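These notes concern the structure reproduced below.
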Amino acid sequence: MARILIATAMFPEVVERLRTAGHTVEVHEGGLPPGALSDAEALIVPLSLKVGVELLARAPRLRVVANLGVGVDNIDLRAAAERGVAVANTPDVLTEATADLGWALLLAVARRIVAADRDLRRAGFPGWTFLPPHLGVDVAGKTLGIVGFGRIGQAVARRGKGFGMQILHTSRTPKPDAERALGARRVPLDALLSASDFVVLCVPLTPETRHMIGERELGLMKRSAILVNIARGPVVDEGALVQALREGRIRGAGLDVFEEEPKVHPGLLELPNVVLTPHIGSATEETRRRMADLAADAVLAVLAGRTPPNLVPPPRP
Ligand code: NAP
Ligand code: GLV
């Protein structure tokens with residue numbers, strides 16, 4: 001029977017399921033201790049853990065890495081493939097929760113909810129005024145630009161349709177069925193940025209998407225526009241974003257992800273027109289349980305000699 005390491009806190013029922021299948025399971029919430037990997041055959045990891053050449057070299061018996069997340073930019077897929085280590089992720093089950101969080105950020109920035117709450121707690125309810133300090137902007141009927149029209153991007157668009165928005169998207173390939181169903185139009189990135197009132201980033205982090213939104217792209221956005229990032233921090237040049245927000249070149253931003261997590265650019269912390277959450281896109285009780293179950297399914301499949309669900313294909317040579 002195999003030794004399974006889980007490098008984060010885990011639901012006890014999931015640990016029990018792996019043990020009941022006959023395996024030894026160790027849960028290491030505070031990081032993997034030295035030597036822990038030497039005879040491990042399976043590893044369940046949070047997406048904050050970098051699984052690269054160095055870690056893989058310390059795990060000679062490893063057969064599977066199950067990532068608790070859909071994005072696999074934390075894993076060196078080539079190095080894993082070279083060592084015959086299968087990689088699995090958790091797509092689909094987190095799509096709706098992540099789209100909800102994107103919308104929560106969009107609405108929070110548009111309607112200045114966090115600042116209003118903070119001021120009410122600090123100074124009390126100021127009385128109803130016609131022109132309050134927290135005057136927001138309309139969302140309904142505006143233009144929503146979605147960068148990355150995959151599972152999460154389309155879920156963001158479905159919510160936008162409910163708000164009567166015009167929907168634009170940028171993706172590598174057309175999505176005729178979803179475009180028809182949602183009334184969405186595929187346009188080049190520059191056109192999307194200059195036409196949208198709200199821009200929501202939903203692309204994976206790849207060499208092509210790193211700093212996809214920098215000074216030039218922020219300069220194309222409307223001064224009244226709001227940027228929401230629920231993808232990965234490095235998709236945005238954070239320094240350029242801070243500068244654009246400081247100078248009022250865009251209205252605001254809602255950010256769930258940061259360029260150097262867990263660090264947050266100090267400039268962002270000082271800005272009133274941003275809402276920040278600590279990478280909690282998929283963090284609902286139900287979604288995290290489904291993700292944990294999928295990761296356990298993948299580990300059990302590989303240890304039983306089967307192909308895991310949600311196997312991430314190795315990169316092309
Ligand atoms: P997905 O279904 O694979 O969708 C990704 C989309 O991005 C696809 O439509 C893809 O286009 C497009 N894309 C990729 N590279 C592009 C490029 N260079 N230019 C334009 N479009 C590009 O993935 P998903 O399940 O929606 O997840 C997307 C990402 O969200 C994940 O990789 C992860 O990083 C992030 N995420 C964050 C959280 C959070 O907690 N904040 C939670 C879940 C996921 P094609 O279809 O044409 O290839
Ligand atoms: C979360 O960020 C994920 O990729 O699932």
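Counting convention: from 1, in listed order, for ligands and their atoms alike. Keep in mind the model is a prediction, meaning the values are calculated, not measured.
- Residue-to-ligand polar distances place R232 within reach of ligand 1: an N/O pair is separated by less than 3.5 Å.
- Contacts of L47 with ligand 2, taken as heavy-atom pairs under 4.0 Å, involve the side chain alone.
- The side-chain heavy atoms of N74 and S48, taken from C-beta on, include no pair separated by under 4.5 Å.
- Where the criterion is an N or O separation shorter than 3.5 Å, residue side chain and backbone included, M291 fails it with respect to ligand 2.
- Relative to the six-membered ring of F11, R289 meets both conditions, a distance below 6.0 Å and an angle of at most 45° to the axis.
- Contacts of A283 with ligand 1, taken as heavy-atom pairs under 4.0 Å, are absent altogether.
- Looking at ligand 1, you'll find an N or O of T173 within less than 3.5 Å of one of its N or O atoms.
- Panel note: side chain T287, backbone T284; no donor-acceptor pair is recorded below 3.5 Å.
- With a heavy-atom cut-off of 4.0 Å, S171 touches ligand 1 through backbone and side chain alike.
- The closest approach between P91 and ligand 1 stays at or above 4.0 Å for every heavy atom of the residue.
- The N/O atoms of I152, backbone and side chain alike, include one that comes under 3.5 Å of an N/O atom in ligand 1.
- Remark: distances from the non-hydrogen atoms of R232 to ligand 2 include one below 4.0 Å.
- Of all the heavy atoms of L94, the ones lying under 4.0 Å from any atom of ligand 2 belong exclusively to the side chain.
- Ranking the protein heavy atoms by distance from atom 4 (O) of ligand 1 puts G150 CA, 3.3 Å first.
- For atom 46 (O) of ligand 1, the nearest non-hydrogen atom of the protein is K175 NZ, 2.3 Å.
- Annotation: T98 places no N or O atom under 3.5 Å from an N or O atom of ligand 1; distance criterion only.
- Looking from atom 2 (O) of ligand 2 to the surrounding protein, the closest heavy atom is H279 NE2, 2.6 Å.
- Among all non-hydrogen protein atoms, the one lying nearest atom 1 (P) of ligand 1 is R151 NH2, 3.7 Å.
- A side-chain N or O of H211 and one of E259 form a donor-acceptor pair less than 3.5 Å apart.
- With a 4.0 Å cut-off on non-hydrogen atoms, D256 touches ligand 1 through its side chain and not its backbone.
- Among all non-hydrogen protein atoms, the one lying nearest atom 5 (O) of ligand 2 is V70 N, 2.7 Å.
- Proximity of P204 to ligand 1, defined as any heavy-atom pair under 4.0 Å, is shared by backbone and side chain alike.
- Look at T206 and you'll find every heavy atom at least 4.0 Å from all atoms of ligand 1.
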